[in-house]
There are 2 protein chains.
Amino acid sequence: MCGARDIRLFLPYLLRMIRARPYDRDVALDAALSLFWRKGYHATSLKDLEGALQMKPGSIYAAFDSKHALYLSVLERYFLRSRGELKALRERPGPILQGLADHLRAVARREADDPARSACMLVRTMLDATAGEAELGARARGYLDAIRAEIEAAFRKAQENGELTKAQDPARLAQRYQSNMTALRIEAHRGLDDAALIALAEEMAQEVEALRPN
Amino acid sequence: MCGARDIRLFLPYLLRMIRARPYDRDVALDAALSLFWRKGYHATSLKDLEGALQMKPGSIYAAFDSKHALYLSVLERYFLRSRGELKALRERPGPILQGLADHLRAVARREADDPARSACMLVRTMLDATAGEAELGARARGYLDAIRAEIEAAFRKAQENGELTKAQDPARLAQRYQSNMTALRIEAHRGLDDAALIALAEEMAQEVEALRPN
DNA sequence: TTGGCTGTTGAGCGATCACTCAAATCGGAT
DNA sequence: ATCCGATTTGAGTGATCGCTCAACAGCCAA
């Protein structure tokens, strides 16, 4: 009996929780992600963010605390998506090595189609972070490590499935795979023509496929 | 007879030309190179430069015109040194492939020893350059292209020397070599431990050596 | 010495930076 | 209709940005 009253009591707060905000946090974060990814941390000003997020400075600070904190949120968002892609790849049925190889091909194709090609945001953040924003660099490194761990897990699973010999070292293969991916995306950023970009990815992909013992 | 007078006439100007400047241009440029390389274009302020160059703003502008122009000078300096290393490599006696492979090993060792590891300045500049400084990006790309051309010339010479089969494509080999070098130096910047860094370079180097037909 | 030219100085310019806060605005409960 | 509290607003904060320039210092010829 007092249950009903309790619900009535908390209803306003529940409603408030789902009350439509004047801005959509996800949309705003995506806009910030796109902007920061394209321009980098230092070159992006609050004015730029105001335009991209369609929010006034006060609202931005109420919602995200600071430019620094917003960048961290955005970076985490980027990381979660990147790792998500890899997790999906590992949990997919079929040979793991094939999935890893195809991922390289897919990234190259995606970049080739994208008119605004841009290298990995984690790498860019790491390269950009100076002593003044040491935390940004540390975060980016941490995320890159987590992604490498994800790749290593994939190679390890491939090894369990007999797609690799016991002598091959998943940690080292993951290291090389990530280096290749980084290089591939930097070449995309550089503006390498589509054919060469896809050929480069193909070369890397075949090296992954060639790991399989026959 | 009028020759002597001419010399006497121009002597002041000749002396002025070699007159010791209050600052040493080469030293100043090296200091700027080090600073810009470490902090990047956007994160480096005039105050930082004043400190590093030991020059007041007026002198900096008298000598280098602007922060932008100074960065361009410094970038060219960096490029010339990088290309110089490769040119030396190509003109050295002995097998070219061996030289290219050893260069990868040497870079890894150099980075491992360097406490302030830093990725290639041209790559960093390219990744950092926004629409506002499109020229910086274009310059960096141009320099990277020139370096790739240098690598390609090395592979081509190796091919002429019979170190490569006729079927192998120097352009593509150069592309991959440069990608590997980029990735290697980014891993160095990332803070990859010395052993792993050197192992990564070794793997890349052996792939170059394996190109040789036997 | 003196005059003249070169190169240095550093206070200070307007613009822009990240950021704040008092006032206006809005949705929902009464 | 009226009020309340949450949210948005945007002019404005001090700090710092890249950069300028009138005044000054040092050197050499005369």
Side-chain angles (χ1 to χ4, degrees), chain A residues 5 7-25 27-28 31-32 35-36 39-74 128 130-133 135-136, chain B residues 4-25 27-28 31-32 35-36 39-74 128 130-133 135-136:
Chain A
R5 211 180 48 198
I7 286 177
R8 205 126 31 97
L9 207 69
F10 287 110
L11 202 56
Y13 299 94
L14 291 172
L15 284 175
R16 189 171 307 287
M17 275 172 67
I18 58 164
R19 171 190 174 222
R21 278 202 172 101
Y23 70 92
D24 183 320
R25 191 163 229 272
V27 171
L35 185 63
F36 272 135
K39 302 196 67 173
Y41 181 76
H42 292 109
T44 301
S45 73
L46 251 281
K47 277 261 179 296
D48 294 329
L49 286 167
E50 286 174 42
L53 310 197
Q54 291 288 25
M55 293 167 73
K56 308 294 164 188
S59 302
I60 295 177
Y61 279 82
F64 306 111
D65 280 357
S66 69
K67 180 187 172 186
H68 185 85
L70 174 55
Y71 194 89
L72 286 180
S73 297
V74 152
D128 245 18
T130 55
E133 308 94 21
E135 192 189 359
L136 291 190
Chain B
R5 210 179 52 196
D6 279 351
I7 285 176
R8 206 133 21 104
L9 208 69
F10 286 116
L11 202 56
Y13 300 95
L14 290 172
L15 285 175
R16 188 171 307 286
M17 277 171 65
I18 58 164
R19 170 192 172 220
R21 277 201 171 105
Y23 69 93
D24 183 322
R25 191 163 229 271
V27 171
L35 185 62
F36 273 135
K39 302 195 65 171
Y41 181 76
H42 292 109
T44 302
S45 72
L46 251 280
K47 278 261 179 293
D48 295 329
L49 286 167
E50 285 174 43
L53 309 197
Q54 290 289 27
M55 294 168 72
K56 308 294 164 187
S59 300
I60 294 178
Y61 280 81
F64 306 111
D65 281 357
S66 68
K67 180 186 170 185
H68 185 86
L70 174 55
Y71 194 88
L72 286 179
S73 297
V74 152
D128 244 18
T130 56
E133 309 92 21
E135 192 189 0
L136 292 189

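In what follows, chains carry the letters A, B, and so on, assigned in the order in which the sequence lines appear, proteins first and then strands, with residues in each chain numbered from 1.
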Notebook entry, point to check: What is the distance from CD1 of Ile60(B) to C1' of dG10(C), rounded to the nearest Å?
Noted result: 12 Å
Check: How many Å lie between CD on Glu50(A) and P on dT8(D), as a whole number?
Finding: 14 Å
Check: Tyr61(A) side chain N/O closer than 4.0 Å to the phosphate oxygens (OP1, OP2) of dT20(C)?
Finding: no
Next item on the list: Determine, for Tyr41(B) and Lys67(B), whether the Lys NZ or Arg CZ falls below 6.0 Å from the six-membered ring centre while staying within 45 degrees of the axis.
Entry: yes
Please list, pair by pair, any protein nitrogen or oxygen found under 3.5 Å from a nitrogen or oxygen in nucleotides 10-16 of chain D.
residue, atom, partner, partner atom, Å
dG10(D), O6, Gly58(A), N, 3.2

Margin query: From CZ of Arg25(A) over to P of dT7(D), roughly how many Å is that when rounded to an integer?
Written below: 12 Å
Next item on the list: Ignoring hydrogens and angles, tell me if any N or O in the side chain of Lys39(A) forms a donor-acceptor pair with the backbone of Ala131(B) under 3.5 Å.
Entry: no
Next item on the list: Using atom CG of Leu46(B) as one end and atom C1' of dC17(C) as the other, report the distance to the nearest whole Å.
Entry: 15 Å
Checklist line | Check: Met55(B) main-chain N/O paired with Ser59(B) side-chain donor or acceptor under 3.5 Å | finding: no
Item checked: side chain to side chain contact (heavy atoms under 4.5 Å, CB included) involving Lys56(B) - partner list, sequence neighbours excluded -> none
Next item on the list: State, with a plain yes or no, whether a side-chain heavy atom of His68(B) is found less than 4.5 Å away from one of Leu136(B).
Entry: yes
Note to self: Near DNA chain D, counting only heavy atoms under 4.0 Å, which residues of residues 65-73 of chain B show up?
What the structure shows: Ser66(B), Lys67(B)
Item checked: Gap between atoms CE and C1', on Met55(A) and dT20(C) respectively (whole Å) -> 15 Å
Notebook entry, point to check: Please give, in whole Å, the distance from dA18(C) P to Leu53(A) CG?
Noted result: 13 Å
Checklist line | Spatial distance of atom NE2 (His42(B)) from atom OG1 (Thr130(A)) [nearest 0.5 Å] | finding: 12.5 Å
Item checked: Asp128(B) side, atom CG; Phe36(B) side, atom CZ - distance, nearest 0.5 Å -> 11.5 Å
Next item on the list: For the residue pair Leu49(A) and Ile60(A), establish whether any side-chain heavy-atom pair is separated by less than 4.5 Å.
Entry: yes
